[in-house]
Every structure is written in structure tokens, then in C-alpha cells.
Protein chains: 2
Amino acid sequence: MTVIFSKKCEYGLQAILFLSSKTRGERVSADEIASKLNIPKEFVSKILQSLTGSNIAASKKGKSGGFYIAKDPSQIKLLDVVKAIDGLDVFDNCVLGFPHCSKDNPCPLHNKWGKLREDAYNMLNDETIDKFYEKTVNKINSL
Amino acid sequence: MTVIFSKKCEYGLQAILFLSSKTRGERVSADEIASKLNIPKEFVSKILQSLTGSNIAASKKGKSGGFYIAKDPSQIKLLDVVKAIDGLDVFDNCVLGFPHCSKDNPCPLHNKWGKLREDAYNMLNDETIDKFYEKTVNKINSL
DNA sequence: CATAATTCAGATATTTTTGTCTGATTAAAA
DNA sequence: TTTTAATCAGACAAAAATATCTGAATTATG
Ligand code: SF4
Ligand code: SF4
């Protein structure tokens, strides 16, 4: 069960974090990413392909090709990845699944949830993937 | 797209809120619930059936039968409904989909997310469905 | 008692998400 | 130049979530 992101998005985030733990420009094959992260190879490959479209990842074909990160890790926000894969609807929808109410007469959840959602958004908007470097290295080694 | 709950759970919450807007003990047919809330009839019926098992809803068969709320709205927490339908895993899983790390060396998200998650849990644990009465009445009428 | 309206259980169907396969293209290196 | 190892595109498959159907059991009411 995922929390708020789709599996695609979780895998995308994991893969980007993994790529960011490599030296800049180093190409990593879908095979390696998949086996290190326990993600189906073709699936992660598809996901990274789509992230090349968003200029988050980049790739090189052919022998000794692979995926790498398209810009400096400090320039990639977690939110960028989420936006590219799941979109931002989650930050806009009613947590109870109701069509939007006007803010004039909010239910008891509305403001509380609104606050949480805003915090979550800010969190993803503030955290760039370079900040995960140390943790990611440890994590990968422990899988 | 749902936010953090499954559609089943969203519908369940909506249905329980709807039932709570009726006078205590009044039986409401799946048909009425479905058409008022724009939910597939058989689906909401299934969901309420399952909630009778958790002693949140109750039902009466036969002519002029239907569903009703099993206890006083002030005794039903939103969390109870979530627990009965989706379970509580969402409050336990890593938001990035990683297997759990030890708390010794958390990534930058860990504590921030942990805090948000805790707030969300408390919110659902604090809010009882009686607190939604006024809003629910308005809401239903505006659908 | 017959009828109508309902829940209920279980099977089935549809849709969405997740995962896999195939073959084409690319490029390094033998 | 051939072989090898990779991405890529698009079709395909499997699983999970969502939705529908069918018929049996129940119960109020005429
Ligand atoms: S007021 Fe409540 S029901 Fe309406 S959109 Fe906000 S959270 Fe959802
Ligand atoms: S430390 Fe980070 S990656 Fe690990 S469980 Fe916590 S949030 Fe997930």
C-alpha cells in the first residue's frame, strides 16, 4: 500500500535519489537500478524514460549507456518528481472525496487538512535531492 | 484521484456522514444514499454492509428497511471508519515507499513527514462525525 | 397470504495500475 | 565490422481496485 504517491512515483523518487548518489554524469543501467532497489527493471526503465522528458533524468543509449541525473541534485526538488509523475491534484482534492465546497462554510476537516497539505507541499518543495545524499548511500548499501 | 484514502473509504466516510445527518434510527436505503452522493448503489451497499461488521453502521432488511448509524454520532470517530476500511498502514509506511529505515539515521523527510502523519492521525482521531452535522446537511442539499 | 421493497452473499465485469515482452535503434569495444 | 549492451517505443499481460449483476432471504404492508 502506498501512502500518497503512486508506486510509479515512489519508484521514480527512489530511482532519482539513487542516481543522485552516483558521481555526476555516471551512467547507471536500468538493470542495476532495478536490482539495487528491488523494482521491476522494465518498469523503472519506463519511469526514467518519462523523467527524461521532464529534464530530471537523462539517458544514453548503447553499450555502457544508462541513466543519469540531468542537472545538479541541488536543483531537483522532490516536488519536481512528484509533479512529473503523479501531478499535483493530490494537493487540491478534498480528503473525503467530496467535490469542492466553498471555503465559506468549511467542514471541521477543511482547515486542518488544508494546513497539513500545505506543510506537505512545502516539504516537497523545500527538499532537494542533494540533501539525501548521505542517507541514500547508507540506504542502498543496506538493501 | 483520491488523496490518501481509497475510494471505498471515501465513500464509506461520506455515507456515514450522510447517515449521521438523519434522525437517529431512521433507515435510509442504499438507493437514496447512492443517488444523493453520486456513488454506485451496489458499491455503497457493499461498503455499508462491511461497516455493519465493525458496529459503525447497522441495517434492517425487508420493506422499509435500510441502513442507519449503529451508535451515537459523537461516538464515531472518522478514524474508526478509516480503520475499518483501509486500515492504519498508511500511518506506518515510508512516504517514499522504502522499507523502513531505523530512526537512527533518518532521511530529511522522516521527521517532517512523521510529524504530518501524526497530525493527520490525531485529526482523524479527534473528529467525531457529529461535528459534521451542519456541514453535511448543507453539503447534501447542494449536491 | 401475496406483493413489494429492501439487505445480503457471491459471482462476474470493467477499469486502472502495475508489470512484462518484443523488437528496433544506438553506440562502445573487440 | 561484428558483437555486445544498453535505451526506447509500443504492444501485451497480470493484478488490484472499482463497479455491476443475480438471485436468495427478509420484512412491512395491503
Ligand atoms: S469543507 Fe470538508 S468536505 Fe468540503 S472540501 Fe473541505 S474538507 Fe472536503
Ligand atoms: S528515513 Fe526517509 S526513507 Fe527511511 S523510512 Fe524514513 S522517510 Fe522513508
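Only heavy atoms go into these numbers, but all of them, side chains included; no hydrogens, no water, no symmetry mates. A, B, ... follow the sequence lines: proteins, then strands. Residue 1 opens every chain. Computed from a prediction, not measured in an experiment: that's the story for all the values here.
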Mind calculating the distance between NZ (A/Lys7) and P (D/dA17) to the nearest angstrom?
10 Å
Contact boundaries on DNA chain C for chain B, cut-off under 4.0 Å to non-hydrogen atoms
C/dA4 to C/dA11
In whole angstrom, give the distance that lies between atom NZ of A/Lys60 and atom C1' of D/dT4.
16 Å
Tell me the interatomic distance from B/Phe5, atom CZ, to D/dT18, atom C1', rounded to whole angstroms.
18 Å
If you assign each of A/Gln49 and B/Ser64 to its closest nucleotide in DNA chain D, which residue comes earlier from the 5' end?
A/Gln49
Only one of B/Val81, B/Ile85, B/Leu124 forms a side chain to side chain contact (heavy atoms under 4.5 Å, CB included) with B/Leu13, so which one is it?
B/Val81
Go through the structure and list residues passing ring-ring contact (aromatic ring centres under 6.0 Å, His included) with B/Phe98, not counting sequence neighbours.
none
Separation of atom CD in B/Glu42 from atom C1' in D/dT18, rounded to whole Å
12 Å
Given D/dT27, D/dT7, D/dT18, identify the nucleotide with an atom nearest to the side chain of A/Phe67.
D/dT7
Is it true that A/Glu32 and A/Lys41 have a side-chain N and a carboxylate O under 4.0 angstrom from each other?
no
Nearest whole angstrom, please: distance from the P of D/dA6 to the CZ of A/Arg27.
12 Å
Does any donor atom in the side chain of B/Thr23 or B/Glu26 lie under 3.5 Å from an acceptor atom in the other side chain?
yes
Nearest-angstrom distance from the residue atom CZ of A/Phe43 to C1' of D/dG10
16 Å
Which residues in residues 79-96 of chain B have at least one heavy atom lying under 4.0 Å from any atom of DNA chain C?
none
Any side-chain heavy-atom pair of A/Glu134 and A/Val137 under 4.5 Å:
no
For the backbone of A/Lys77 and the side chain of A/Asp80, can you confirm whether one donor and one acceptor N or O come within less than 3.5 Å of each other?
yes
Options D/dT18, D/dT20, D/dC8, nucleotide nearest the side-chain atoms of B/Lys8:
D/dT18
Mind checking the NZ-CG spacing from B/Lys115 to A/Leu116? Nearest 0.5 Å is all I need.
8.5 Å
Using atom CE of B/Met1 as one end and atom C1' of D/dA17 as the other, report the distance to the nearest whole Å.
13 Å
Looking only at side-chain N and O atoms, does B/Tyr11 come under 4.0 Å of OP1 or OP2 in D/dA19?
yes
With a 4.5 Å cut-off on side-chain heavy atoms, are A/Ser45 and A/Phe67 touching?
yes
Of A/Ile39 and A/Lys61, whose closest DNA chain C nucleotide lies nearer the 5' terminus?
A/Ile39
Backbone of B/Ser6 reached by a side-chain donor or acceptor of B/Asp86 within 3.5 Å
yes
Whole-Å distance separating the CG atom of B/Leu48 from the C1' atom of D/dA19
15 Å
